[in-house]
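What follows is one structure encoded as structure tokens, with my remarks underneath.
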Amino acid sequence: MPTLLSKKYALIAIILVAILIPLLSTNEYYLHILTLSFIWIIAVYGLNLLAGFTGYLSLAHAGFFGIGAYALGLLTVKGGMSFWPAFFLAPVITTVIGFFIGLVALRTKEHFFAIYTLCVGYIIYLVIDKWEGLTGGVRGLIGIPGPTNIGPIELTSANARYYFVLTVLLLVVFLIYRIVNSLVGRSFIAIRNDEQLAQSIGISTLKNKLMSFVLSTFFAGLAGALYASFIRFIGPDISNINITFDLLIFMIVGGIGTLSGPVIGTLLIVVLSQQLQFLQDHRMLIFGPLLTSIIIFSPRGLAGMYLTWYYKRKAKKKAQIQTDNASIGGDS
Amino acid sequence: MFLEAKNLSKHFGGLHAVKEVDFSVEKGKINAIIGPNGAGKSTFFNVITGLHRPSSGQVIFKGDDISKLPPNKIALLGIARTFQTTNLFEQATVFENVVVGHRLRTKSNLFDAIFRTKRTKQEEEKCKEKALEVLHFVGLAHAAERMVGSISQEEKKRIAFALALATDPEIVFLDEPTAGVNPDETEELAQLMQKMVQKGITVCLIEHKMQMIMKLADKIMVLNYGEKIAEGTPDEINNNEEVIKAYLGGSASA
Ligand SMILES: Nc1ncnc2c1ncn2[C@@H]1O[C@H](COP(=O)(O)OP(=O)(O)OP(=O)(O)O)[C@@H](O)[C@H]1O
Ligand SMILES: [Mg+2]
């Protein structure tokens, strides 16, 4: 099991680096960007569960992100609720709304599903933008509280918030890992490969698709709630379709339907955007070709590229061992 | 009666894909359905296995009317099928692709998945054992760890068989199981079907390869333009005027 072990070590190393970053760098701006990236990664994991593992590309994801953010914002600012109950309630509210939308949206398939959810996402955006009485409209919501201290654990400094988001992210990765590698996850993947075939081997496609959809909205809502509590100010733009497309790019570059893809893609693109900020909108001249070539040459993104290389190498090694054995057999 | 289609019809708009077909599948035998392209053979399978609701008529399985059940419920009853084309997970191993085949006999839910309960561990083990068992049965045990993307057409057909068998079926419906494979491989797949029957599984298949079907089948039904035009033993079908006409078109009478 050397591969499994080395995978484990790689994972531990990455987590260690993530833990050490705030101690090594005093650049608050960088920490801010990194914390924000972690929040996006959580949203991308939600999208990836549905689009990558179940085969249903939802374009309403930013809408659910917005619902999670506004749920937290409204509960605390207008409802006077304290942070923690609001923080747990926000993803639940998103999930409930997601359930009813999923019930209708999943009557469609493939591009019709994408178009339908695109419309749903836009409607959510419109509701947030136009329902001034509730959401404050374009003025947005200000004064959203950040996480309050849990007993002796203080959560108000930038470092503490970073660790808080990191903890949630690790929990999300763990959950996604467990789900994808379970019989439930196998059912999702079977649906992605061939829905008719999946149903013919006894998988309730309706139930499983709805479960995946609802889970994906849960992660979107969780990310939204984290975002609201981290930035402390939210406007309708966070549910805009642009955000959905950002998440989509993170997922595709990193690797759709892979476990590490959301982390790789999000960090890469966010860091790249930061480095290329001087180019302003001309950055797209770099992202455009990058995205296009990834889709053409490695449909499963950077993670997929690695996996393909890894399996090829493994197959080669195996073949090598077999021919070696054969020649040994020949000698004796 | 084991499995029976009663006066079964399916139309798509004005097109009568299956028209008032009566057919009973004989238990423990190899039943074949033949007919020209577009005769409605696949549609007949699709109606029986729940993919399409019949426009009229019934499907009876062991005394129960199953014509309104969805495909996953029908699979649960012990009716499995393969498709004319099978889309597998190319970037995963043969084994990984087949494990999910036994999912329908397990109960693990999201909670079990997240907390990795004892139940889910046992059930995963059960699914993996089943996958190995059926891969062994179809003669693919040696290829279990190979990527699906790198195996032959004939082996993919075997995976499709394995998936169907992993559901613990009493009857399997195979839609053109030997399409696109060479004669030697066809012979081997035919033997595999006989092996299924020996194991107590009833086989019902659609086939275009006449020679093979005449040797293999115990009972044959011929469809043409959605209608049953003949039914019987291979010998009876071979000598049936209408069948010859349907297959050779006008040239038979000319
Ligand atoms: N979902 C559908 N919607 C509309 N028409 C359909 C549908 N499925 C099949 N048909 C039509 O029904 C007729 C019977 O098709 P079917 O696929 O059952 O034929 P088949 O006997 O399996 O042919 P083949 O040997 O080519 O596989 C064809 O005319 C086909 O175009
Ligand atoms: Mg057909």
Side-chain angles (χ1 to χ4, degrees), chain A residues 49 52-53 55 171-172 174-212 214-215 218 255-258 298-300 303-308 310-312 314-316 318-319 322, chain B residues 45-46 49-51 70-83 85-93 96-117 120-121 123-124 126-127 145-150 160 163-164 166-169 173:
Chain A
L49 191 64
F53 288 99
L171 206 66
V172 166
F174 175 74
L175 281 179
I176 297 276
Y177 174 82
R178 278 275 167 96
I179 294 170
V180 167
N181 286 296
S182 70
L183 289 170
V184 174
R186 285 181 194 279
S187 309
F188 291 172
I189 293 171
I191 290 172
R192 177 193 68 190
N193 290 334
D194 188 332
E195 194 167 336
Q196 270 185 4
L197 180 63
Q199 207 179 9
S200 82
I201 56 169
I203 291 169
S204 169
T205 48
L206 204 71
K207 203 177 90 190
N208 280 284
K209 280 169 1 182
L210 192 59
M211 197 193 301
S212 177
V214 166
L215 280 168
F218 170 81
I256 184 167
T258 65
S298 181
R300 295 212 307 153
M305 213 184 269
Y306 170 76
L307 287 175
T308 310
Y310 174 81
Y311 283 121
K312 266 204 188 121
K314 203 166 105 178
K316 227 185 232 166
K318 215 171 175 186
Q322 269 166 3
Chain B
F45 268 26
N46 289 344
T49 56
L51 207 61
N72 52 308
K73 293 266 168 62
I74 288 180
L76 223 47
L77 294 176
I79 300 175
R81 71 165 297 174
T82 64
F83 291 87
T85 50
T86 305
N87 299 316
L88 297 161
F89 185 11
E90 304 269 329
Q91 289 93 9
T93 62
E96 290 293 326
N97 267 276
V98 180
V99 172
V100 74
H102 202 58
R103 167 66 171 143
L104 80 169
R105 306 288 171 209
T106 64
K107 295 200 164 57
S108 293
N109 53 28
L110 191 62
F111 177 89
D112 295 291
I114 290 170
F115 294 98
R116 266 198 81 70
T117 57
T120 208
K121 282 183 191 160
E123 288 185 343
E124 268 171 31
K126 197 172 100 176
C127 288
E145 290 309 319
R146 280 178 54 200
M147 290 286 157
V148 168
S150 71
L163 252 181
T167 65
D168 277 348
F173 286 86

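So you know, we letter chains A, B, ... as the sequences are listed, proteins then strands, and number each from 1.
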Side chain, backbone, both or neither: which part of [X] has an atom under 4.5 Å from a heavy atom of chain A?
X: B/Glu96; value: both
X: B/Thr49; value: neither
X: B/Phe89; value: both
X: B/Arg116; value: both
X: B/Leu110; value: both
X: B/Asn109; value: backbone

Kindly indicate, with the supporting measurements, whether the criterion side chain to side chain contact (heavy atoms under 4.5 Å, CB included) is fulfilled by B/Thr82 and B/Leu163.
CA-CA 8 Å; B/Thr82 64; B/Leu163 252 181; over 6 Å; no
Could you look at A/Leu206 and say if it's the side chain, the backbone, both or neither that has a heavy atom under 4.5 Å from chain B?
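Neither part, no heavy atoms under 4.5 Å.
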Checking heavy atoms, do the side chain of A/Ile189, its backbone, both or neither come under 4.5 Å from chain B?
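The side chain, not the backbone.
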Should we say atom NZ of A/Lys207 is surrounded by more than 12 heavy atoms from elsewhere, each under 6.0 Å from it?
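Not buried by this count: 12 neighbours or fewer within 6.0 Å.
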Any donor-acceptor N/O pair, [X] side chain to [Y] backbone, under 3.5 Å:
X: B/Thr120; Y: B/Thr117; value: no
X: B/Arg103; Y: A/Gly202; value: no
X: A/Ser212; Y: A/Lys209; value: no
X: A/Arg186; Y: A/Val180; value: no
X: B/Glu123; Y: B/Thr106; value: no

Winner by heavy-atom pair count (cut-off under 4.5 Å) against chain A, out of B/Ile114, B/Asp112, B/Ile74, B/Leu76
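Greatest number of close heavy-atom pairs with chain A: B/Ile114.
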Specify which of B/Pro169, B/Ala75, B/Pro71 makes the most heavy-atom pairs with chain A at under 4.5 Å.
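Looking at each of B/Pro169, B/Ala75, B/Pro71 in turn, B/Pro71 comes out on top.
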So which of A/Ala198, A/Ser187, A/Gly257, A/Gly304 has the largest heavy-atom pair count under 4.5 angstrom toward chain B?
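Max contact count across the listed options: A/Ser187.
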Options A/Asn181, A/Leu183, A/Asp194, A/Val184, ranked by heavy-atom pairs under 4.5 Å with chain B, top entry:
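With the most close heavy-atom pairs to chain B, the winner is A/Leu183.
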Non-hydrogen side-chain atoms of B/Thr93 and B/Arg146 separated by less than 4.5 Å
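Result no, sub-4.5 Å side-chain heavy-atom pair not found.
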